Amino acid sequence: MPSVIKNGAKGEEVRQLQRLLNERLMPSANLIVDGGYGAHTEAAVRLYQASIGLGIDGVVGPRTWTALKTGHVNNPAKNAAIPNSFPEATWMDIAKQEIGQKEISGAQNNPRIISYHATTALQATNDETAWCSSFVNWCLKQVNITGTNSAVAASWTNWGQSAHALGGAVTVIHNSQAANSSLTTSGNHVGFLVQETETHYLLLGGNQSNQVKISSFPKSSWQLKGFRWPNSQESFKGKVYIY
């Protein structure tokens, strides 16, 4: 069994870790296999730990190594069909087009993420400030729906109206163990619901492994704080939906 490793480690064991994370995380973490345990590798470790219900500490110890080596994957979607379209949630067309937008390591910033931030009162000017709420605000704004104007994920818990597990619903989840991670500083996270399974929430969101992607969040670790939907008077693309 490889040794316990964490941020700052270097060498062949880190390369092995990076290869395994790329294989086990779905979608792939797409880590560069360079043998350096930096912020991106730690973010992938934390996401992997969260996805299979392990304690989220970013440290690769015996339990995390065992799960990686034995092929424990976060694939709750294998028995569930992920919709290709969300006719009642036109903002999902916008969100899907953003998949792949990611943070730029170093001093540079992805201007697209800065655009997400510009839709909130915080108006952060770097792509390392937590941006899941900024992404949701930006996507809704593109279809003329007013969001929360806040960079805080929890701001969505009282936005709009309560909803069921509708595809495209703004979904707020909480995991206290994930606080102060690259995903969330508060333990709260917000994204758009793709699919709810018996064991997981699949969300299309920003700041998931430092990028826009579909990720799975296990119910064993993540508590649902609410599904939210625009108020009935909200109109977009010439249509008004009443619920």
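Given the structure is predicted, the values throughout are model-derived calculations rather than measurements.
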Margin query: Test your reading of the model: is there a side-chain donor-acceptor pair from Y48 to the backbone of A67, 3.5 Å cut-off?
Written below: yes

Item checked: Side-chain heavy atoms of F227 within contact of L166, under 4.5 Å -> no

Note to self: Between S133 and W156, is there a side-chain donor-acceptor contact under 3.5 Å, judged purely by atom types and distance?
What the structure shows: yes

Margin query: Quick check: do L17 and V45 have side-chain heavy atoms less than 4.5 Å from each other?
Written below: yes

Notebook entry, point to check: Does one side chain, of S3 or E13, offer a donor that lies under 3.5 Å from an acceptor on the other?
Noted result: yes

Next item on the list: Evaluate the side-chain proximity of N210 to N207: yes if any heavy-atom separation is below 4.5 Å, no if none is.
Entry: yes

Note to self: Could you check whether H40 and E103, counting side-chain N and O atoms only, form a donor-acceptor pair closer than 3.5 Å?
What the structure shows: no

Notebook entry, point to check: Considering all heavy atoms of both residues, which atom of Q18 and which atom of V33 are nearest to each other, and what is their separation?
Noted result: OE1-CA, 3.3 Å

Next item on the list: Under the side-chain contact (heavy atoms from CB on, under 4.5 Å) rule, collect the residues that match up with S186, sequence neighbours excluded.
Entry: T184, N188

Margin query: Taking side-chain contact (heavy atoms from CB on, under 4.5 Å) as the definition, give me every residue that meets it alongside S134, ordered by chain and number, with sequence neighbours left out.
Written below: Y116, H117, T120, W131, A151

Item checked: In one Ile/Leu/Val/Met/Phe/Trp/Tyr side-chain cluster, 4.5 Å: V152, F135 -> no

Notebook entry, point to check: Quick one: CG on L203 to CG on L193, what's the gap to the nearest 0.5 Å?
Noted result: 6.5 Å

Item checked: Within residues 104-127 or reaching into it, pairs that qualify as salt bridge (charged side-chain N to carboxylate O under 4.0 Å, His left out) - sequence neighbours excluded -> E98-R112

Next item on the list: State, with a plain yes or no, whether a side-chain heavy atom of W159 is found less than 4.5 Å away from one of P230.
Entry: yes

Next item on the list: Would you please name every residue forming a side-chain contact (heavy atoms from CB on, under 4.5 Å) with N7, sequence neighbours left out?
Entry: Y37, E42

Item checked: Distance, nearest 0.5 Å, that separates CG of N137 from OG of S155 -> 6.5 Å

Next item on the list: Measure the OG1-CD distance between T90 and Q142 for me, rounded to the nearest 0.5 Å.
Entry: 11.0 Å

Next item on the list: Using modelled atom types only, decide if a donor and an acceptor are shared between the side chain of Q177 and the backbone of S221 within a distance under 3.5 Å.
Entry: no

Notebook entry, point to check: Which salt bridge (charged side-chain N to carboxylate O under 4.0 Å, His left out) pairs, counting each pair once, include a residue from residues 186-200, with sequence neighbours left out?
Noted result: E196-K219

Item checked: Interatomic spacing from CD1 in I114 to CD in Q123 - rounded to 0.5 Å -> 11.0 Å

Next item on the list: Apply side-chain contact (heavy atoms from CB on, under 4.5 Å) to N126 and list each qualifying residue two or more places apart in sequence or on a separate chain.
Entry: N109, E128, T129

Margin query: Looking at I32, I want to see if its CD1 is surrounded by more than 12 non-hydrogen atoms of other residues, nucleotides or ligands under 6.0 Å.
Written below: no

Notebook entry, point to check: To the nearest 0.5 Å, what is the distance between CG (N158) and OG1 (T148)?
Noted result: 11.0 Å

Checklist line | Approximate separation, where rounding is to 0.5 Å, of R15 CZ and K10 NZ | finding: 10.5 Å

Check: Would you call the rings of W222 and F217 parallel, tilted or perpendicular, where under 30° means parallel and over 60° means perpendicular?
Finding: perpendicular

